[in-house]
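Protein chains get the first letters and strands the later ones, always in sequence-line order, with residue 1 at the start of each.
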Amino acid sequence: MTTLVIAEHDNQSLKADTAKVVACAQAIGADVDVLVVGANCAAAASEAAKLNGVSKVLVADASAYAHGLADNLGELISGIGADYSHILASASSLGKDVLPRVAALLDVAQLSEVVEVKSDDTFVRPVYAGNAMETVQSLDAKKVMTVRSSAFDAVASDGNAELVTLDTVIESQVSFESQSLTESERPELGNAAVIVSGGRALASSENFAILEALADKLGGALGASRAAVDAGFVPNDLQVGQTGKIVAPDLYIAVGISGAIQHLAGMKDSKVIVAINKDPEAPIFQVADYGLEADLFDAIPALTKLV
Amino acid sequence: MKVLVPVKRVVDANVKVRVNADNTAVDTANLKMAINPFCEIAVEEAVRLKEAGVVSEIVVATVGPKAAQEQLRTAMALGADRGIHVETDDSYCALSIAKILNAIQTNEQAELIILGKQSIDGDNNQTGQMLAALAKLPQATFASEVSVADGAVSVTREIDGGLQTIKMPLPAVITADLRLNEPRYAKLPNIMKAKRKPLDTVSVDSLGVTLGEHQKVISVTPPAERQAGVMVGSVEELADKLKNEAKVI
């Protein structure tokens with residue numbers, strides 16, 4: 001019984017998600033191998049080799065894998081997967097894109113967004129935007145699952161795994177056209193200890209600057225509700241919620257966010273939640289540890305000065 | 001060009017669900033049901049492609065109980081041309097649904113398949129990708145922009161960290177994200193017209209697919225409740241609590 005973890009990386013470095021998925025893999029109890037697939041990804045592979053408890057790091061390095069396209073990655077991983085009992089990936093946009101393809105090619109079901117390991121075949125996952133937790137037993141010979149990384153603590157980087165080069169190159173039917181990634185000095189949403197999130201009440205893209213000032217003072221990341229993203233105030237990758245990013249920072253400050261169930265699904269596992277809203281009836285106050293009924297345009301600059 | 005849009009009947013997005021008393025399932029009895037919001041976006045995209053002259057026929061399909069015909073009628077009121085209802089009272093995992101849809105696609109030979117990226121009940125986010133794998137088609141998940149030209153489709157995808165644009169040969173599978181479009185409201189005359197559009201009912205057996213048992217639900221429980229918080233009276237009090245009580249800053 002060995003578990004394969006699909007690494008999340010940008011070729012130069014490993015994303016923090018990978019160390020958390022490895023923690024989930026260790027909870028299953030099997031040996032753990034990691035697959036790093038990319039183009040010129042040697043640096044990321046050597047970081048993966050340091051993850052605690054990893055036996056082998058498989059490296060598939062080819063230009064065909066440069067853009068993380070689902071069809072050829074799915075074929076590659078399902079081929080490698082023949083030797084594994086469990087195949088895990090982070091519930092990131094890459095994991096969600098590729099892993100169901102892997103499962104279908106292996107003729108097994110997939111478990112999405114696993115948050116707890118009960119045994120080597122039984123897992124807990126949220127359904128209905130986290131309004132119910134389902135304990136599911138997999139009856140398949142192979143378990144394919146995406147892991148909600150915010151539910152696991154990263155393993156340490158004190159290991160020394162063997163690197164194994166794979167020669168298989170599979171071309172994609174899809175052609176990559178372009179990519180625009182948000183450049184930011186702030187920590188990634190999924191990895192930040194503090195998140196300051198804004199909603200519709202911010203009213204404009206420019207007004208997010210006052211949240212940025214608070215986030216920067218706290219060394220935190222910026223987030224947003226769906227309403228703020230739909231209105232074009234901030235880019236899509238900042239959306240926190242059922243279908244956006246799921247986060248669980250030490251401190252989540254929700255500013256001008258009413259608290260629709262879809263938003264709560266993305267942040268209610270945060271350790272401390274602060275809600276600042278003008279409307280005392282806003283549902284966000286029901287999940288907040290500290291609520292402040294105030295105009296955000298007065299409260300946020302004042303709070304920024306005090307922290 | 002023909003487009004196939006699989007849709008799902010789910011509990012309405014505005015309803016807060018509860019777990020049943022014996023912790024075996026979410027209690028869906030007597031709740032308001034609707035077409036899954038992402039599926040509605042998929043239907044709307046197909047209708048826009050038809051209005052743009054790119055698509056000639058829109059086929060909607062669903063797998064579910066008799067009542068799921070309501071959601072097919074909703075899709076037809078938005079502009080789909082005909083419906084296929086795979087009637088069953090069993091609930092299936094995404095892999096089995098993908099196998100059923102693949103059998104429909106084998107019959108229909110649609111050039112484009114558009115699905116919602118996930119259903120808001122199971123939150124699986126799997127069916128489109130599995131269907132693409134089974135049908136050996138390329139896929140573009142989490143689409144926020146779709147354009148079809150010269151036998152290919154360009155799709156802008158919402159990915160972690162930003163946006164990615166890829167181009168696929170047809171036939172291909174697309175899954176719709178939130179910002180692909182804003183679905184229209186069905187007009188009354190179109191709702192009336194939808195009642196007369198063709199709707200075929202078929203059984204799982206008649207499609208010739210063999211489905212296995214892959215997962216067993218052991219229990220369904222409510223999530224851990226958060227302890228009630230406090231309202232603070234001022235920014236100063238808030239900063240003080242965060243520093244000295246919660247100790248998070």
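- Across every non-hydrogen atom of B/Gly212 and B/Ser96, the tightest pair is O-OG, 4.1 Å.
- Interface remark: B/Arg157 contributes side-chain atoms only to the contact with chain A (heavy atom separation under 4.5 Å).
- Heavy-atom pairs under 4.5 Å with chain A peak, among B/Glu213, B/Gln129, B/His214, at B/His214.
- Heavy-atom distances place both the backbone and the side chain of B/Ala13 under 4.5 Å from chain A.
- Only the side chain of A/Val274 comes within less than 4.5 Å of a heavy atom in chain B; its backbone stays farther off.
- Electrostatic pairing of A/Arg186 and A/Asp216 counts as a salt bridge here, judged by a charged N lying under 4.0 Å from a carboxylate O.
- With A/Ser112 as the fixed residue, the side chain to side chain contact (heavy atoms under 4.5 Å, CB included) test singles out one of A/Met145, A/Arg125, A/Lys96: A/Arg125.
- Between chain A and the options B/Thr156, B/Val10, B/Asn23, B/Thr141, the largest number of non-hydrogen pairs under 4.5 Å is found for B/Thr141.
- Under a 3.5 Å cut-off, the side chain of A/Lys268 and the backbone N or O of A/Ala265 do not form any donor-acceptor pair.
- Within the 4.5 angstrom heavy-atom criterion, atoms from both the backbone and the side chain of B/Ile218 approach chain A.
- Here the straight-line distance linking atom CG of A/Asp230 with atom CG of B/Leu178 works out to 6.5 Å at 0.5 Å rounding.
- Looking at B/Val15, the atoms closer than 4.5 Å to chain A (heavy atoms on both sides) all sit in the backbone: N, CA, C or O.
- Heavy-atom pairs under 4.5 Å with chain B peak, among A/Leu69, A/Thr243, A/Val307, at A/Thr243.
- When heavy atoms are compared at a cutoff of 4.5 Å, B/Leu137 approaches chain A solely by way of its backbone atoms N, CA, C and O.
- Within the 4.5 angstrom heavy-atom criterion, no atom of A/Lys305 approaches chain B.
- When heavy atoms are compared at a cutoff of 4.5 Å, A/Leu303 approaches chain B by way of both its backbone and its side chain.
- Of the inter-residue distances, the one linking A/Leu73 atom CG with A/Asp97 atom CG reads 8.5 Å to the nearest 0.5 angstrom.
- With a 4.5 Å cut-off on non-hydrogen atoms, A/Ala288 touches chain B through its backbone but not through its side chain.
- With respect to chain A, the highest number of heavy-atom pairs below 4.5 Å among B/Ala239, B/Pro223, B/Gly229, B/Ala246 belongs to B/Pro223.
- Contact of A/Ile273 with chain B is made through backbone and side chain together, with heavy-atom distances under 4.5 Å.
- Salt-bridge check for A/Lys15 with B/Asp160: failed, with every basic side-chain N at 4.0 Å or more from each acidic carboxylate O.
- Contact of A/Glu293 with chain B is made through backbone and side chain together, with heavy-atom distances under 4.5 Å.
- B/Ser234 touches chain A through its backbone: at least one of N, CA, C or O sits under 4.5 Å from a heavy atom, while the side chain does not.
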### Task
Take B/Met33 and B/Asp12 through the test side chain to side chain contact (heavy atoms under 4.5 Å, CB included) and record every step on the way to the result.
CA-CA 5 Å; B/Met33 304 298 282; B/Asp12 186 279; over 6 Å; no
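- Looking only at heavy-atom pairs under 4.5 Å with chain A, the residue among B/Lys243, B/Glu182, B/Arg226, B/Met231 that has the most is B/Arg226.
- Here A/Asp140 contributes atom CG and A/Gln110 contributes atom CD; the two are 11.0 Å apart, rounded to the nearest 0.5 Å.
- The candidate from A/Leu105, A/Asp107, A/Leu238 with the greatest count of non-hydrogen atom pairs under 4.5 Å with chain B is A/Asp107.
- Ranked by heavy-atom pairs under 4.5 Å with chain A, the first of B/Leu238, B/Ile249, B/Asp177 is B/Leu238.
- Put simply, the side chain of B/Lys216 never gets that close to the backbone of A/Leu139: no donor and acceptor are under 3.5 Å apart.
- By number of non-hydrogen pairs under 4.5 angstrom with chain B, the leading residue of A/Asn72, A/Asn131, A/Leu251, A/Asp269 is A/Asn131.
- Between chain B and the options A/Ala109, A/Pro100, A/Ala104, heavy-atom pairs under 4.5 Å are most frequent for A/Pro100.
- Using a 4.5 Å cut-off between heavy atoms, A/Leu111 contacts chain B through both its backbone and its side chain.
- Note: B/Val217 leads B/Asp240, B/Val217, B/Val11, B/Thr175 in heavy-atom pairs under 4.5 Å with chain A.
- When heavy atoms are compared at a cutoff of 4.5 Å, B/Gln126 approaches chain A by way of both its backbone and its side chain.
- Counting heavy-atom pairs closer than 4.5 Å to chain B, the top-ranked of the candidates A/Val174, A/Asn236, A/Val136, A/Asp250 is A/Asn236.
- One distance of note links CD1 of B/Ile174 with NZ of B/Lys117; it measures 15.0 Å at 0.5 Å rounding.
- Distance check: A/Gln173 CD to B/Lys136 NZ gives 10.5 Å after rounding to the nearest 0.5 Å.
- Of the candidates B/Thr62, B/Asp121, B/Asn36, B/Thr127, B/Lys8 forms a side-chain hydrogen bond (donor to acceptor under 3.5 Å, both in side chains) with just one, namely B/Asp121.
- Between chain B and the residues A/Lys245, A/Gln262, A/Glu113, A/Arg226, the most heavy-atom pairs under 4.5 angstrom are made by A/Arg226.
- Of the possible polar contacts, one joining the B/Gln164 side chain to the A/His67 backbone as a donor-acceptor pair under 3.5 Å is found.
- Heavy-atom distances place the side chain of B/Val19, and not its backbone, under 4.5 Å from chain A.
- Every residue two or more places apart in sequence or in another chain that forms a side-chain hydrogen bond (donor to acceptor under 3.5 Å, both in side chains) with A/Ser92 is listed here: A/Glu8.
- When heavy atoms are compared at a cutoff of 4.5 Å, A/Glu75 does not approach chain B at all.
- In this structure, the portions of B/Val235 lying under 4.5 Å from any heavy atom of chain A include both its backbone and its side chain.
- In this structure, the portions of A/Val287 lying under 4.5 Å from any heavy atom of chain B include both its backbone and its side chain.
- A distance of 11.0 Å separates CE of A/Met267 from CD1 of A/Ile253, quoted to the nearest 0.5 Å.
- Of the atoms belonging to A/Leu218, it is side-chain heavy atoms, and not backbone ones, that fall under 4.5 Å from chain B.
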